[in-house]
Amino acid sequence: MTAVRTGSGHQEYIGMENGMKNELTYCKILGTNINVTNMEDTISYITDHLEELKGDYICVSNVHTTVMSYRDQAYRNVQNSGAMALPDGQPLSIVSRKRGFSEARRVPGPDLMPAILDLSQKTGYRHYFYGSTDATLEALRTALLRRYPKLQIAGMYSPPFRELTKEEDEEIVRRMNDSGADFVWVALGAPKQEWWMYEHRHRVKALMLGVGAAFDFTAGTTRRAPMWMQKLCMEWVFRILRDPKRMLPRYLNTNFAFLYYVSREGRAVRRTAKRGMRIAMIGHKRIPSREGGVEVVVDELSVRMAAMGHRVDAYNRFGHHVSGKKYDQEYGWKGRKFYKGVRVYIVPTFRRSSLNAIVYTFFATIMALFHHYDVIHYHAEGPCAMLWLPHFLKRKVVVTIHGLDWQRAKWGNFASFVIKFGEKMAARYADDVIVLSDNVKEYFLETYNRKVTYIPNGINRPGQQGQTVIREKYGLQKDGYFLFLARIVPEKGLHYLIEAFSGLQTDKKLVIAGGSSQAYGYMEKIHKMAAQDDRILMTDFVQGQVLEELYANAYAFVLPSDVEGMALTLLEAMSYGDCCLVSDIRENTEVVEDKALTFKRGDVKDLRRQLVWLLEHPDEVRRMGEESVDYICGKYDWDDVTKRTLSVYEKAAGRKKPALRPDNR
């Protein structure tokens, strides 16, 4: 997931195919996500994350490519699908600064390439140069070795000025990969070089960067505009004077169009900000966090809505963050008050108590009533116990039922009563109720004669991942383990899985990734069961690169739940191409349809039988995993979920039109 800020000065999450875990900031200009960065930060980011960036590509964008992206949706997708889109042109960084990004600076490709090449003399990075002419490449080689004598040049190739045959293309990819290159520099000119990188992502094993004329500038075969012209945004004038026949039509077409389009977009953004909704989120533990599905949903919706010009306030519960002290300091009581454009309020409550959630909900509701929200959005059934209060004060309330929580075994009698009471309040008083499955939709209709709105969760398409971290930390190899990833609570059915796995004759491991959620007795039971089999590895709570690598390299993902809402971990596992084995409860089968295996809920023998089948049919496991990716990413999309949720808000608040940011074509 990657953070994006639009022209309104907010941020949003977009799904990036490189699967990067770190937060990047963007300014959306004419639909292209232009990085807000500078040369130093860019180089640090690339070198710090080079292993996970390999196989992906970076675009170096300017006015010309941004206007082309605005006019051509397919090319815009190419620009936005890479790991980064750097602001090569000075105008892009100026627009970013005008829209609230004071830190935005340009990162020209002809400056980035020499900076990384110089650094490579110390790090030993290997470089492959693809594009331009044979004469330019020879001059480039001479210039590079003179300037960087310790530079490791893995190879150079000037492709013919025609489309390569399939065999030729496969041969050049083989050469690049066999060369051991860490970077592949591409100089084919826009838009050809961006299309080439997009079509070769994950085929080429190095990080690809499209740098246009950087080869010619570095080789000395073409002069670059003086620095004073670059700073005054007049580099285009210099290039017209040197090549008027080719450059004059190009710049007349795109430069003036850029000024018009950007001006029009700026006015649209300002209008959207004025009519945005005021929204409160109550019921999650805290954001940012992956403690549970509710937290992920609130995070995804809130950040996207804030990016569209809405004011979103998230009421975080006071308490210890599972990610550790760093997150407590950054997002806790004395920490940051904004998270990616979302206003964060910390609600006081008991740190450890059965009354923790009830006290939180009471105070969060009281705090929200002092603000004039268009909609208060409660998440999960328990927090809805306080829903009656804003209802009687004529406030508009929307509820998302993430599952029938009173069915979960971890709750005692009093907690189950409160949760059931919250469910009744939601059914009776909410202006609209959102559910995540048809099963729960039918339940509300049959139990309360209440019609609800079905909006499932979403998923972001991840990118290819290595196995560096999990190999070093846990000794895991690709396809060497089954993966269970969820909170360790009774209703997740982990005890069924451990019992079934223990009877298997296999060298594969069972990786259990997840932390406890108040079910401490059950956690102790699981630890005792796992200790009896040295093939079982318990990692505790995981996130970031570890989480992504666990998903990407699992032989199969197993979810043996007795009770579910809509399991985000199941969506994520399928998006990474994992073959999945799930219990046959409706909340699971509605998600997977025929793209996964199922077993009878609670039946250890049936679960073991399916595990054996998976072990005996590796080709089928691979096929099912590959087919699940396009299916799940096509069916569940966070942007669509956000728009549908906003439509529910609009209806509840009595607005005629959804207050959405104008589409960038």
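Throughout, residue positions are numbered sequentially from 1 according to the sequence presented.
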Practice task
Determine yes or no for a side-chain-to-main-chain donor-acceptor pair under 3.5 angstrom, with S628 supplying the side chain and M574 the backbone.
Solution key: yes
Practice task
For E549 and V469, indicate whether the former's side chain and the latter's backbone hold a donor-acceptor pair under 3.5 Å.
Solution key: yes
Exercise for the section: Look at atom CD of E40 and say whether more than 12 heavy atoms of other residues, nucleotides or ligands are closer to it than 6.0 Å. Expected result: no
Exercise for the section: Name all pairs fulfilling the salt bridge (charged side-chain N to carboxylate O under 4.0 Å, His left out) condition that reach into residues 569-578, sequence neighbours left out, sorted by first residue then second. Expected result: R290-E572
Problem - Check: Q152 side chain, R126 main-chain N or O, donor-acceptor pair, under 3.5 Å - result: no
Practice task
Show your working on salt bridge (charged side-chain N to carboxylate O under 4.0 Å, His left out) between K595 and D630 and close with a plain yes or no.
Solution key: CA-CA 11 Å; K595 299 298 188 293; D630 289 336; over 6 Å; no
Exercise for the section: Using the six-membered ring wherever Trp is involved, compare the ring planes of W196 and H200 and label them parallel, tilted or perpendicular (cut-offs 30° and 60°). Expected result: parallel
Problem - side chain to side chain donor-acceptor pair (under 3.5 Å) assessment of T66 paired with S61 - result: CA-CA 7 Å; T66 304; S61 305; 5.3 Å; no
Problem - ring pair (Phe, Tyr, Trp, His ring centres under 6.0 Å) against Y125, all qualifying residues, sequence neighbours excluded - result: F183
Exercise for the section: Begin with the C-alpha distance, continue with both residues' side-chain angles, and end with the deciding distance and a verdict on side-chain contact (heavy atoms from CB on, under 4.5 Å) for T123 and T47. Expected result: CA-CA 10 Å; T123 61; T47 55; over 6 Å; no
Completion exercise
Nearest heavy-atom approach of T42 to N38 is OG1-O, 2.7 Å
Handout entry: Non-hydrogen atoms of P108 and V60 that approach each other most closely
Key = C-CG1, 4.4 Å
Handout entry: Flag, side chain of D640 to backbone of K635, donor-acceptor distance under 3.5 Å
Key = no
Problem - Backbone N/O of V78 and side chain of S81: donor-acceptor pair under 3.5 Å - result: no
Practice task
Without swapping roles, check the side chain of N35 against the backbone of A85 for a donor-acceptor pair under 3.5 Å.
Solution key: yes
Practice task
For residues M305 and Y649, determine if any side-chain heavy atom of one lies less than 4.5 Å from a side-chain heavy atom of the other.
Solution key: yes
Exercise for the section: Carefully, step by step, assess R623 and E626 under the rule salt bridge (charged side-chain N to carboxylate O under 4.0 Å, His left out). Expected result: CA-CA 5 Å; R623 180 190 63 79; E626 291 172 353; over 6 Å; no
Practice task
Check whether any side-chain N or O of T32 sits under 3.5 Å from a backbone N or O of I34 as a donor-acceptor pair, and report yes or no.
Solution key: no
Completion exercise
Checking Y130, Y157, F129 against F215 for ring pair (Phe, Tyr, Trp, His ring centres under 6.0 Å), the one that qualifies is F129
Exercise for the section: Could you tell me whether a side-chain N or O of N80 sits under 3.5 Å from a main-chain N or O of G31, the two making a donor and an acceptor? Expected result: yes
Practice task
For G341 and A306, work out which heavy atoms get closest and say how close.
Solution key: O-CB, 3.6 Å
